[in-house]
Amino acid sequence: MLAAWVQDLRRDGFSEQSIARRVRRGDVLRGAPVLVVPCLVMEGSHTYPDTRRNAAEREMFLVATGAGVENLLIALAAEGLGSAWVSSTMFCRDVVRSVLDLPEAWDPMGAVAVGHPAEAPRDRPPRSPEDFLIVR
């Protein structure tokens, strides 16, 4: 994945310094003792005669995949484990499928680094839900 990402960034004209800074974000994945690669699998989905409904069907499965990953992150936290969901596998799906020998229909949706946290999470001030809601 790293090699594919670096190749893309070089092709885009990023400087080596900028590339090094960007790929450093993936260190959490490269250093994790366990990686979970959630995949979108459209098996069981419905097929429609038009693009609009087929796109909506995929979006429903995509939202469900995201909700499933979020539930995984919550369950890991409840077990005292640290985790980080990083989307970089979405930029090199073919590499991930090849390395993990995944079926072509499995669409990697990032990777979740899992491990024991190096330190306890810092306290955060409470936030008001009103800061995030718009009522109309």
Problem - Asp50 side chain near Asn54 side chain, heavy-atom distance below 4.5 Å - result: no
Fill in the blank from the handout: On a heavy-atom basis, the closest approach of Ala113 and Leu35 is CA-CD2, 3.8 Å
Problem - Heavy-atom side-chain contact between Pro33 and Val114 under 4.5 Å - result: no
Fill in the blank from the handout: Output for pair (Trp5 CH2, Cys92 SG), nearest 0.5 Å, gives 9.5 Å
Exercise for the section: Please test Ser15 against Gln17 for side chain to side chain donor-acceptor pair (under 3.5 Å), starting from the C-alpha separation and ending with a verdict. Expected result: CA-CA 5 Å; Ser15 70; Gln17 182 181 12; 5.1 Å; no
Exercise for the section: Would you mind reporting whether Arg97 and Pro108 have side-chain heavy atoms less than 4.5 Å apart? Expected result: yes
Practice task
Determine whether Arg53 and His46 make a side-chain contact, defined as any pair of heavy atoms from C-beta on separated by less than 4.5 Å.
Solution key: no
Exercise for the section: Report the distance from atom CG of Leu73 to atom OG of Ser83, rounding to the nearest 0.5 Å. Expected result: 4.0 Å
Problem - Separation between CZ of Arg93 and CG of Leu102, rounded to the nearest 0.5 Å - result: 12.0 Å
Practice task
State plainly whether one hydrophobic cluster holds both Leu81 and Val112, where clusters connect Ile, Leu, Val, Met, Phe, Trp and Tyr through side-chain heavy atoms under 4.5 angstrom apart.
Solution key: yes
Problem - Check: Asp107 and Cys39 side chains under 4.5 Å, non-hydrogen atoms - result: no
Fill in the blank from the handout: Residues Phe61 and Gly44: closest non-hydrogen pair is CZ-C, 4.1 Å
Problem - hydrophobic_cluster_shared for Leu62 and Val69, side chain cutoff 4.5 Å - result: no
Exercise for the section: Would you kindly confirm whether Leu29 and Val37 end up in one hydrophobic cluster when ILVMFWY residues are joined by side chain heavy atoms under 4.5 Å apart? Expected result: yes
Practice task
Decide side-chain contact (heavy atoms from CB on, under 4.5 Å) for Leu40 and Arg58; before the verdict, give the C-alpha distance in whole Å, the side-chain angles of both, and the deciding distance to 0.1 Å.
Solution key: CA-CA 9 Å; Leu40 169 66; Arg58 186 177 194 297; 3.5 Å; yes
Handout entry: Met109 backbone acceptor or donor facing Trp85 side chain under 3.5 Å
Key = yes
Practice task
Quick one: list whatever passes side-chain contact (heavy atoms from CB on, under 4.5 Å) with Phe91, sequence neighbours left out.
Solution key: none
Problem - Trp106 CH2 to Leu100 CG distance, which is reported to the nearest 0.5 Å - result: 10.0 Å
Exercise for the section: Please say whether more than 12 non-hydrogen atoms of neighbouring residues, nucleotides or ligands are located less than 6.0 Å from CG in Asp123. Expected result: no
Fill in the blank from the handout: Output for pair (Arg24 CZ, Arg30 CZ), nearest 0.5 Å, gives 10.0 Å
Handout entry: Minimum-distance pair of heavy atoms, taken over all atoms of Pro117 and Gly80
Key = CD-O, 3.5 Å
Handout entry: Side-chain donor/acceptor of Ser45 to backbone N/O of Met42, under 3.5 Å
Key = yes
Exercise for the section: Flag the pair Ile19 / Arg22 as yes when at least one side-chain heavy-atom distance between them is below 4.5 Å, and no otherwise. Expected result: no
Exercise for the section: Any chance you could measure Met90, atom CE, to Met1, atom CE, to the nearest 0.5 Å? Expected result: 12.0 Å
Handout entry: Val96 and Asp94, any side-chain heavy atoms less than 4.5 Å apart
Key = no
Handout entry: Set of residues satisfying salt bridge (charged side-chain N to carboxylate O under 4.0 Å, His left out) with respect to Arg11, sequence neighbours excluded
Key = Asp8
